[in-house]
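Working notes for the structure below.
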Amino acid sequence: MYRVVEARPLADRVHALVIEAPHVARNAKAGQFLIIRKEPGGERIPLTVSAVDDDRVRVIFMTVGATTHQLAELQPGDTILDVAGPLGRPSEIPSGETCVVVGGGVGIASCPILARTLREAGNRVIGILGARTAELLILEDEMRTACDELYLATDDGTKGRHGFAADVLKEVIESVQVDSVWIIGPAIMMKVTSEVTRTAGIRTWVSLNPIMVDGTGMCGSCRVIVNGEVRFACVDGPEFDAHGVDFDHLMQRQRFYFEEERHALEHHHATRCGCSGEERHG
Amino acid sequence: MRLNTTTRPGAGVRERNGMAERPVEERIRDFEEVDTGMTPGEAMEEAARCLQCKKPACINGCPVGIDIPGFIAEIAEGRFSEARSRILEANLLPAICGRVCPQESQCEGACVLAGKERAINIGALERFAADNGVAELGEERPVSLAGRRIAVVGSGPAGLTAAAELARRGHKITLFESLHEPGGVLVYGIPEFRLPKAIVSTEIERVLALGVELRTNTLVGNAVPVDDLMTFDAVFVATGAGLPVFMGIPGEETNGVYSANEFLTRVNLMRADCFPEAGTPVKRGSRVVVTGAGNVAMDAARVARRLGARVILVYRRREEDFPARCAEVRHAREEGVEFVTCAAPVRIHGTPSVTGVECVRMEMCELDASGRPEPRAIEGSSFIIDADCVIQAIGTSPNPLLVRLLSGAATGRKGNLVVDEDGRTTVPWIYAGGDIATGAATVILAMGAGKRAASVIDSDLASRPEGEI
């Protein structure tokens, strides 16, 4: 059992949980993830490590399906049955480079720990955060502290630049000699944004989030295609060379259980939270 | 769950020795056990057939060396608890072994009656004693003052056995498991109807009761750095052959293509058959193609049948070449699994989801190294089997996660850890056994390896002064 020490909403449908999990917190590095199973019979869901502090680890997630809705109901003092991690390979951290960390939507969650790690290794770090609207631009303060420079963008222009993170990234690489770029966000955002660095030939990493079960290389549910080869995101990743990733395949596989997820959410609303279940499945 | 067989459902089919099975139409609607075990009368009758050989060949056929004539004699006398005690001396997981061991190629294969009439049904008797006796372990050997700290990585059959044997010898054992439940393949791989999870958990409790400290959710290498692992006096690596092998044919990344590992894990460990009450979904499929014909393929096919699909199993050789146990093949056939033999999948059709599997006919040519005719594709013979789900059950390979972090450990061609006959790897104080050393094999061979390594670790440590690394 793992104790929840902090639980708070960060934005509409975006929640942060801080969990006491010493074996994860003491060993987790930027880029890695953990798997949570809330209760008996529960689903194992992978979440990126967002921050670590002593024996505590933070995760940030958006309520999408039944399991994330259940996690959003947790209060400080509640317990989570299983927390496994850290899983996956840590980010490959260079030194003495100029790096850009681009976060989109809930993908921003894993940016501060990465930016901080990059900076501690002697890199100059430029952060770019993009979201649909101002409220979803989470962790701005943490990123401001972690980065040498920070740029913001919103699709609707309610904060920062009116446009996409990709637009900002384009301007940054035109004005600064950039060595490495990390892009973390929804698959479609990573696909579009990584095109910006392809022609410039800048090494670019994306953190992939396919459907997983065990997270230890055992099931192959998370297989992704990178440079024409099948890789397991859980053990070979989750970070891969952005320019080799078959994003269309990733998105296709992410949608595989769409019907089941909708069914589970309806079931959750009908049996657990007592609401009408009319909330749209995201 | 039906464990005691004093009441027998329906008109069960009787096997050679009287082990009853639930009727097909009943059992394919649920996940409860197919074999219902022997009644006390049947067990005593079967036990009475044992010749009590002076030099019992059956024991040599048992990887963990159970005193087989000894426990059978107890059953023949109606002393079921004593029978169970006899088995527990050598094997802490008898209810599991009695169900999943391939006895026909081990103890029963060695039985002197095998050639003449019928081998004693040792498997069913072991299961009977395990299920019907009430004995637990007797007084354990006193905790050794020389007890050392030993890490066992992986809680499948090899790890559980090694942990138990080392704990019985007075060592302090930490048993690491990356999943949320201990048992390895016993919980994620073998379906409930062959090995009820309640039985697995009872047997594991027995191991833990010896003082073994279990740490679930702990992927060694990540959650426990290798440097920390090296602070133990010895390490037994039993991380299994968990890596699924895919065929490498076009279309394999289509939605609806599962590894058997994934399909079985979703149902066995995560209980996707109970979705949405259980949180993990699985595609039930209406027409499922299973590729491969080993025990895992039969398990996957039979699970898919229970989820309501029509199931077609495709194998490139003939039915007599199926690697699965005869009983598993028979059960699968009885339950309506269709076999397409001498055919090999070459492409999976459909976007974004599977619509069919293209296969070619194979002809059987001259014998290959395995002594079976080598299958060769017949040109222009391709045909398509309609399917909305494909399960690949063509094997697994050793789990590379920890292996690649153990610097200095020699590995074999398949990525297995190289060990000597006593389970020593090329790194001092690191031992290995089970599928991680042999590649995918059986539960009982893994248990045998765990038991042997435990005894070697114990004697190696005994000859090493305290504190010396």
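Order of the sequence lines sets the chain letters (A, B, ...), proteins ahead of strands, with each chain counted from 1.
Of the two parts of A/I211, only the side chain, counted from C-beta on, holds a non-hydrogen atom closer than 4.5 Å to a non-hydrogen atom of chain B. Heavy atoms of B/N255 lying under 4.5 Å from chain A belong to its backbone as well as its side chain. Only the side chain of B/L401 comes within contact range of chain A, with at least one heavy atom under 4.5 Å from a heavy atom of that chain. If you measure heavy-atom distances from B/V257 to chain A, the contacts under 4.5 Å come from both the backbone and the side chain. The part of B/T265 that comes within reach of chain A is its side chain, from C-beta onward, which places non-hydrogen atoms under 4.5 angstrom from that chain. Proximity to chain A is absent for every atom of B/F263, based on heavy atoms less than 4.5 angstrom apart. Interface remark: B/R404 contributes side-chain atoms only to the contact with chain A (heavy atom separation under 4.5 Å). Only the backbone of B/E252 comes within less than 4.5 Å of a heavy atom of chain A; no side-chain atom from C-beta onward does.
Counting heavy-atom pairs closer than 4.5 Å to chain B, the top-ranked of the candidates A/M218, A/E43, A/H263, A/K29 is A/M218. Ranked by non-hydrogen atom pairs under 4.5 Å with chain B, the options A/R253, A/R255, A/R89 are led by A/R253. Of the residues considered (B/G256, B/G221, B/C274), B/G256 shows the highest number of contacts with chain A, using heavy-atom pairs under 4.5 Å. Counting heavy-atom pairs closer than 4.5 Å to chain A, the top residue among B/R271, B/K283, B/R215 is B/K283. Most heavy-atom pairs under 4.5 Å with chain B: of the set A/P86, A/A264, A/P40, A/G41, this distinction falls to A/P86. Contact count against chain B (heavy-atom pairs under 4.5 Å) is highest for A/V83 among A/L81, A/D214, A/V83, A/I225.
Of the inter-residue distances, the one linking A/T271 atom OG1 with B/E277 atom CD reads 8.0 Å to the nearest 0.5 angstrom. The line from CG of B/L219 to CD1 of A/I35 is 10.0 Å long, rounded to the nearest 0.5 Å. Here the CG-OG1 distance, from B/L402 to A/T216, works out to 12.0 Å after rounding to the nearest 0.5 Å.
Put simply, the side chain of A/R44 reaches to within 4.5 Å of the side chain of B/L179, judged on heavy atoms. When side chains are defined from C-beta on, A/Q32 counts as touching B/N222, because their heavy atoms get closer than 4.5 Å. With contacts defined as side-chain heavy-atom distances shorter than 4.5 Å, the pair A/V213/B/M270 qualifies.
Between B/A223 and A/G85 the shortest heavy-atom distance is CB-O, 3.3 Å. For A/G217 against B/P244, the heavy-atom pair with the smallest separation is O-CD, 3.5 Å.
Note on ring orientation: taking the six-membered ring where Trp is involved, the planes of A/Y257 and B/Y258 are tilted (angle from 30° to 60°).
Distance alone, capped at 3.5 Å, is enough to place a donor-acceptor pair between the A/Q252 side chain and the B/P352 backbone. Under a 3.5 Å cut-off, the side chain of A/H249 and the backbone N or O of B/E253 do form a donor-acceptor pair.
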Show your reasoning for whether side chain to side chain contact (heavy atoms under 4.5 Å, CB included) applies to A/S221 and B/R266. CA-CA 10 Å; A/S221 169; B/R266 283 181 180 272; 3.6 Å; yes
Could you walk me through whether B/L243 and A/F232 pass the side chain to side chain contact (heavy atoms under 4.5 Å, CB included) check? CA-CA 10 Å; B/L243 201 71; A/F232 287 6; 4.2 Å; yes
